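Heavy atoms only: backbone and side chains are in, while hydrogens, waters and symmetry mates are out. Proteins get letters first, then strands, A, B, ... in listed order; numbering begins at 1 in each. Please read these numbers as outputs of a predicted model, since none were measured by experiment.
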Amino acid sequence: MTSNTLEVPPVVVAAVNLKTIINEKHNVHEIVSASVICCHQVKIDTPMRSEDWQKRGTISHFTVMRKLEGSIFPIGLTKEASDRNQKAGSNVLALESSERALLNRLMIELSKLDCDVLVGHNISGFDLDVLLHRAQTCKVPSSMWSKIGRLRRSVMPRLTKGNTLYGSGASPGIMSCIAGRLLCDTYLCSRDLLREVSYSLTQLAETQLKKDRREVSPHDIPPMFQSAGTLLKLVEYGETDAWLSLELMFHLSVLPLTRQLTNISGNLWGKTLQGARAQRVEYLLLHSFHAKKFIIPDKFAARNKELNSAKRKLNADTEGGNAADGAADPSIDDEVHHGDQGKARKGPSYAGGLVLEPKKGLYDKYILLLDFNSLYPSIIQEFNICFTTVERSSDGNLPNLPTSKASGVLPELLKSLVERRRMVKSWLKTASGLKRQQFDIQQQALKLTANSMYGCLGFSNSRFFAKPLAELITLQGREILQNTVDLVQNNLNLEVIYGDTDSIMIYTGLDDISKAKAIAGKVIQEVNKKYRCLEIDLDGVYKRMLLLKKKKYAAIKVALDGSLRENIERKGLDMVRRDWSMLSKEIGDFCLNQILSGGTCDDVIESIHNSLVQVQAQMKSGQIELEKYIITKSLTKAPEDYPDAKNQPHVQVALRLKQNGFSGCSAGDTVPYIICSQQDSDNTHSGGIAQRARHPDELKRDPNKWMIDIEYYLSQQIHPVVSRLCASIEGTSPARLAECLGLDSSKFQSRSIGSSNEDTSTMLLSVIDDEDERYRGCEPLRLSCPSCTNTFECPAVSSLIASLSDPNEGKDATVNFWRRMRCPRCPDDTDECRVSPAVLANQIKRQADNFINRYYKGLLMCDDEGCKYSTHIVNLRVMGDSERGTICPNYPQCNGRLVRQYTEADLYRQLSYFCYVLDATRCLDKLDQKMRLPFEKEFAVLNQTISSAFLEIQRIRDRCAFGWVQLTDLAVSI
DNA sequence: ATGATAGGACAATTAC
DNA sequence: GTAATTGTCCTAT
């Protein structure tokens, strides 16, 4: 807290921007100009508004420029430069004859400024790298280039490490050159602090600073040397870019925020600026444990990890070792090893948060969104989870919750962070002006620190890596969420429609917001009663909501402060993702607005259909701006590292841009491209995805050569977006939407969607039938081949029936009908592999039996293999339709996973479906007697089975008042 | 060297 | 050829 009262001296910040050209021969960048904007009075304890730092006398700037090799500066430039210098009273534009001289001059000026912080956009990935490489190549003496830092060096360190990883900052060699100064890369910072579709300076200037920026690529530069006017433009662009990154830094309050983060965790500011989040937590824990006189785990370099731990094991063995430590090691090493390889290749190494199966659909009455405030940090405190309190077993099993009363180090630490934040927030309320901003930064930093603690426990390269602890925390999180859901559903009789990790959504079914809020109050009260530290809170009230999938929904959020403000919140839907084009996002947004508008179904559908027809027409007549077709994809590797670039259009574009010297094209960049085709002389278009991706700039340059592939856009970008959104709206279908878009609707049947999903409430049409809604969500009928072990799905009934009435089938219709019911795996169309009517009836009966059985026992069936349901039959009861989501009674042996949820409605629906199939096949007049007779008999048996099942259910229902019974009362024998 | 896992969508690859 | 698996990307929490 002392930092608040101490006067912190201002620092000097210099923003650097280089302009380069490409040397085709060596494929390297050569510097032609360097601009520096320097701010001499930068406060680091408070955010700075633009009027604070743009004062006269605190800002200085200069640019140093050189002429191209073998040519001279254009006429008038030298005079202009000296005029400017004279007017400014200092060197603001220096002209040099060679790159070497430019570098020398730049270094001298930088050392005169002696800045504390170097700023630039992608400065660690580009400017510094180029600067030092050029210094090396041009043989700039070490006395000069080492002025970039504050340490005098005589030997250039190894600059490259070979790997240009995603989001990697400057290499260690480069960092060592600028020793004594801080490096602030606004590109890296903004990626941490903002969520943007692209992190290019142009984009950020537009969205954050509301300023236009002119993009200059290296091959635009040589032509600019033809006249003094264009060259002065180049100077202007360079200085503007430096200015913009400086402004961005102030805008995001990078320095005060990172300084606070550094202060809280006690690591190095330079590291915080590079975004080393794991290291911050590491230092914080080091300080805490050291203060309490604990011995701290050794630090291993990732490369030597295996070696070191092997040595350590050896030592532990020879010395007899600490039993707990020695035993814990192998499992940890094992996991680390796994984790290292696993993280990139395979999936996660332990289980995380619970996501509830959403009850999909469109809700039009108030919905409550409740969530636990910082769940994981609270769990650590609530259950006292710490290295010092949890007993970790050697076999990798989950540890038990600690029983010790004494608070561990971790919970204490979090408690103090929370308390400090609460205190700062209380000061925030009364403070004003600079103090207020200062407090705000501080409370943000405290929150960030507390929240990142859990992540580092599960981070395999962390010094404090503790998978068991992380696992224990997430397990508690899952339990807490599930318990909360149970409480709300069973005790408070409310409907939970969705929940993710730390939140639940409750559908109130009320029109009255004050009543809904009252319910929220009650829930909050009930839930919070159960916990000491944990706290659930009302996060929002939704007026209307479209719930599509896990992590995919949209809702109209009502302001909680009583005002009538409403805004639409979109989560995970296509339009919030950056891998869709602007056009598809806009159309999706329009549809969403319609769906949430509250209009009648028919109106909504009509307006969506109309707009699709309209969009199609607009696209075809060229009324859509080029920009809206742009797709952006990011590169996680450097483009040349993609093994199979031909299949990845954006990689192709990136590679080509790199050849052209586009500097912003390395790992981690977003590459904009447009799907288009090249028109050949014969009026055809060359195919292949790889050939069709082109950079928008190129299209602008030569627009006649390229055609935007509208067909592709309609089918690949717009149709999926719209049909996903409309899936829950009655009266529409993917095929109909395709029609409106002018696409071949037969290619967009819905039958292939969602067949493996056993969620019976699914709104999507399943494979069973594309016409009859009564059988939506049923389990498809699976047939087994009479001659081999293969099983396959029964073809859609409607198509079978259609085939019978198809005149083309003629008198062979019946034969063909049964021919369709044949095993797709057996090579020949023989009688053996065909499902005859008798076989079909038999199989339907078997499957119906199976289903009825599962319906009863299904309540006891847990997805978990290890859970033996048969022994627990007495504890279970038949669920009513409102009771989905009951926990398996064997909990916790089966980890609390949900039992299969069959409700009565499901049973009726499924059995009706079986009847339907049977009926559909039986009633065909075209079947000849010979095939029909045995079938008739089977059908009778099946019919009886099903009707007796219905009767049984009826009997049970009649007998009990509440619609459910103990299974012990039942002698179910089907 | 540079917090975590869960989940959906799509394209490419592999298995049958 | 089609179903299942794998890999990649981007989001939610």
Sugar-phosphate only, base, or nothing, as touched by A:Val355 at under 4.0 Å among non-hydrogen atoms
sugar-phosphate

Under 4.0 Å between a side-chain N or O of A:Gln716 and OP1 or OP2 of B:dA11?
yes

Residue list, side-chain contact (heavy atoms from CB on, under 4.5 Å) with A:Gln717, at least two apart or on another chain:
A:Trp580, A:Ser581, A:Ser584, A:Ile631, A:Tyr713

Establish, from distance only, whether the side-chain atoms of A:Thr207 and A:Glu196 form a donor-acceptor pair under 3.5 Å.
yes

Nearest to the side chain of A:Lys550, which nucleotide is it out of B:dG8, B:dC10, B:dA6?
B:dG8

Scan the side chains in residues 550-557 of chain A for donor-acceptor partners under 3.5 Å anywhere in the protein, sequence neighbours excluded, and list what turns up.
| unit_1 | atom_1 | unit_2 | atom_2 | d |
| --- | --- | --- | --- | --- |
| A:Lys551 | NZ | A:Asp500 | OD1 | 3.4 |
| A:Lys551 | NZ | A:Asp500 | OD2 | 2.8 |
| A:Lys552 | NZ | A:Gly572 | O | 3.1 |
| A:Lys557 | NZ | A:Asp539 | O | 3.4 |
| A:Lys557 | NZ | A:Glu569 | OE2 | 3.3 |

Is there any protein nitrogen or oxygen under 3.5 Å from a nitrogen or oxygen in nucleotides 11-13 of chain C, and what are the pairs?
| unit_1 | atom_1 | unit_2 | atom_2 | d |
| --- | --- | --- | --- | --- |
| C:dT11 | OP1 | A:Val576 | O | 3.3 |
| C:dT11 | OP1 | A:Arg578 | N | 3.1 |
| C:dA12 | OP1 | A:Gly572 | N | 2.7 |
| C:dA12 | N3 | A:Lys551 | NZ | 3.1 |
| C:dT13 | OP1 | A:Tyr553 | OH | 2.8 |
| C:dT13 | OP2 | A:Lys571 | NZ | 3.0 |
| C:dT13 | O3' | A:Asp502 | OD1 | 2.3 |
| C:dT13 | O3' | A:Asp502 | OD2 | 3.4 |

Residues forming a ring pair (Phe, Tyr, Trp, His ring centres under 6.0 Å) with A:Phe464, sequence neighbours excluded:
A:Phe289, A:Phe387

Side chain to side chain donor-acceptor pair (under 3.5 Å) with A:Glu382: which residues, sequence neighbours excluded?
none

Residues in residues 372-382 of chain A with a heavy atom under 4.0 Å of DNA chain B, by number, are none

Excluding sequence neighbours, so at least two apart, what forms side chain to side chain donor-acceptor pair (under 3.5 Å) with A:Tyr454?
A:Tyr350

To the side chain of A:Asn461, which of B:dC10, B:dG8, B:dT2 is closest?
B:dT2

With a cut-off of less than 4.0 Å, is there a side-chain N or O of A:Ser634 near OP1 or OP2 of C:dC9?
no

Using a 4.0 Å heavy-atom cut-off, does A:Ala278 contact any base of the nucleic acid, only the sugar-phosphate backbone, or nothing at all?
sugar-phosphate

Sugar-phosphate only, base, or nothing, as touched by A:Glu569 at under 4.0 Å among non-hydrogen atoms
nothing

In whole angstroms, how far is the C1' atom of C:dT8 from the NE2 atom of A:His650?
9 Å

Please work out if A:Arg724 contacts a base, only the sugar-phosphate, or nothing of the nucleic acid, heavy-atom cut-off 4.0 Å.
sugar-phosphate

Partner set under side chain to side chain donor-acceptor pair (under 3.5 Å) for A:Glu586, not counting sequence neighbours
A:Lys628

Once side chain to side chain donor-acceptor pair (under 3.5 Å) is applied, do any residues pair with A:Thr501, and if so which ones, sequence neighbours excluded?
none

For DNA chain B, whose closest nucleotide is more 5', that of A:Ser452 or that of A:Trp580?
A:Ser452

Base, sugar-phosphate or nothing for A:Gly455? Non-hydrogen atoms, less than 4.0 Å.
base

Can you confirm whether more than 12 heavy atoms, excluding those of A:Met582, are under 6.0 Å from its CE atom?
no

